[in-house]
Asks: 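First the structure, then my questions, so here it is.
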Amino acid sequence: MSRVTLSRYLIEQTRSHNTPADLRFLIEVVARACKAISYTVSKGALGGVLGSMGTENVQGEVQKKLDVLSNEILLEANEWGGHLAGMASEEMDNAYQIPGQYPKGAYLLVFDPLDGSSNIDVNVSVGTIFSVLRCPDSNGCTGDLGDDAFLQAGTEQVAAGYAIYGPQTMLMLTLGNGVKGFTLDREMGSFVLTHDHIQVPESTAEFAINMSNQRHWEAPVKRYVDELLAGKTGPLGKNYNMRWIAAMVADVHRILTRGGVFMYPRDDREADKPGKLRLMYEANPMSFIIEQAGGMSTNGYQRILDIKPTSLHQRVAVFLGSREEVERITGYHQA
Ligand code: AFP
């Protein structure tokens, strides 16, 4: 059987679902940038790309060299094609303006260029997460773009995806009609459709959470995790296993593959930060993907995709994955 590359898949989407040509181009450009990031990541110490820059991003986190390189790769790949009105990145304080010499387009691209950067120097999986929104100005976003153009609920996303740089490089993509997985064929240089029908199993016996924060969690999360740990003789009546990779891409990828529940709850350390994860760069795209694969995603109280952002770097608590477990933990918050 002939192989379906990402390009062919996108062209078929245009025929079957009217995917606009400029959105198709946008996805192809992002995929090309992810290939370049994959190549750069894989060089490791040989390419001099490990270690820190010695600078901090807007979140006050120390930037790794690969955070900065990946950010530059995505900006350079996407700024000239005429498909974007602007970009926003976890690594930049404000919206990125398309340079004046290039035409502007109808879409906004939002990304976390290198998720899981604490894994870089220890050769564990990292990834790139992206989300695509429409420019909100019906006359076209022609002038300089303010941060507020990006402050749209996750339900407004027209596409989202991530690349995972692990034993294989894969691109997982949703255009709003299911989730498809593509594996990078390094010899051919193309992403090939290898995971056609991705569904998160409804129930699971696997959870992911950073247990070292347990003492800081709110009561519903303490209760739920205590019940998970109680195993077969506890109220949930089964033994659970735990995994934590410290890169959301890798934990979500496992959940898309075999189910599970991923949690990054809010905690009581910094009252002004509801959780660690960023709504626009991490939680929204991953929630879109998980929902499109039949899973569920909430902040404990409401569907993440319904949250209207108030700032570009807003944080949020995240509970996502297999429906049965996300419903349970959400119910404990609402009790
Ligand atoms: P970095 O990309 O800044 O390393 O953060 C990754 C992340 O936002 C998310 O991908 C992980 O799930 C989470 O942080 C890991 O956090 P811990 O440091 O608590 O393990």
Asks: Could you verify whether a donor N or O on one side chain and an acceptor N or O on the other, from N71 and S89, lie under 3.5 Å apart?
Replies: yes
Asks: Tell me which pairs pass salt bridge (Lys or Arg N to Asp or Glu O under 4.0 Å) where either residue lies in residues 307-321, with sequence neighbours left out.
Replies: none
Asks: For E327, I'd like to know if atom CD has over 12 heavy atoms of other residues, nucleotides or ligands within 6.0 Å.
Replies: yes
Asks: Does a salt bridge link E90 with R278, judged by any charged N lying under 4.0 Å from a carboxylate O?
Replies: yes
Asks: Does R15, at its CZ atom, have more than 12 non-hydrogen atoms belonging to other residues, nucleotides or ligands within less than 6.0 Å?
Replies: no
Asks: Please tell me whether F182 and Y9 form a close aromatic pair, meaning their ring centres lie under 6.0 Å apart.
Replies: yes
Asks: For Q292, which residues count as a side-chain hydrogen bond (donor to acceptor under 3.5 Å, both in side chains) partner, sequence neighbours excluded?
Replies: none
Asks: Answer yes or no: does atom CZ of R134 have more than 12 heavy-atom neighbours from other residues, nucleotides or ligands under 6.0 Å?
Replies: no
Asks: Is it true that R303 and D306 make a salt bridge, defined as a side-chain N closer than 4.0 Å to a carboxylate O?
Replies: yes
Asks: For salt bridge (Lys or Arg N to Asp or Glu O under 4.0 Å), just list the numbers for D185 and R3, CA-CA rounded to whole Å, side-chain angles, deciding distance to a tenth of an Å, and then say yes or no.
Replies: CA-CA 11 Å; D185 179 334; R3 304 198 315 170; 2.6 Å; yes
Asks: Using only heavy-atom distances, determine whether the side chains of Q157 and S131 contain a donor-acceptor pair under 3.5 Å.
Replies: yes
Asks: Side chains of N299 and H333: do they bring a donor and an acceptor to under 3.5 Å?
Replies: no
Asks: Looking only at the side chains, is there a donor atom on one of R186 and S38 sitting less than 3.5 Å from an acceptor on the other?
Replies: yes
Asks: How about T310 and Q314: does a side-chain donor come under 3.5 Å of a side-chain acceptor?
Replies: yes
Asks: Consider only side-chain N and O atoms of T298 and T330, and report whether a donor and an acceptor are under 3.5 Å apart.
Replies: yes
Asks: Between H83 and F25, is the ring centre distance below 6.0 Å?
Replies: yes
Asks: Under a 3.5 Å threshold, yes or no: a donor from one side chain and an acceptor from the other, between Y165 and T128?
Replies: yes
Asks: Taking only residues two or more places apart in sequence, or in another chain, which ones meet E28 in a salt bridge (Lys or Arg N to Asp or Glu O under 4.0 Å)?
Replies: none
Asks: Between the side chains of N94 and D147, is a donor N or O closer than 3.5 angstrom to an acceptor N or O?
Replies: yes
Asks: Test of understanding: with side-chain hydrogen bond (donor to acceptor under 3.5 Å, both in side chains), list the residues that count as partners of D93, not counting sequence neighbours.
Replies: none
Asks: Could you report the tightest heavy-atom contact between D268 and R215, atom names first, then the distance?
Replies: OD2-O, 4.4 Å
Asks: State whether a side-chain donor-acceptor pair under 3.5 Å links Y96 with E79.
Replies: yes
Asks: Assign the ring pair Y264 / W244 to parallel, tilted or perpendicular, where the plane angle (0 to 90°) is split at 30° and 60°.
Replies: tilted
Asks: Among pairs that include at least one residue of residues 237-252, which meet salt bridge (Lys or Arg N to Asp or Glu O under 4.0 Å), considering only residues two or more places apart or in two chains?
Replies: D251-R254
Asks: Name the atoms and distances for all side-chain donor-acceptor pairs under 3.5 Å in residues 224-234, with sequence neighbours left out.
Replies:
from: Y224; atom 1: OH; to: E325; atom 2: OE1; distance (Å): 2.6
from: E227; atom 1: OE1; to: Y332; atom 2: OH; distance (Å): 2.5
from: E227; atom 1: OE2; to: R223; atom 2: NE; distance (Å): 3.2

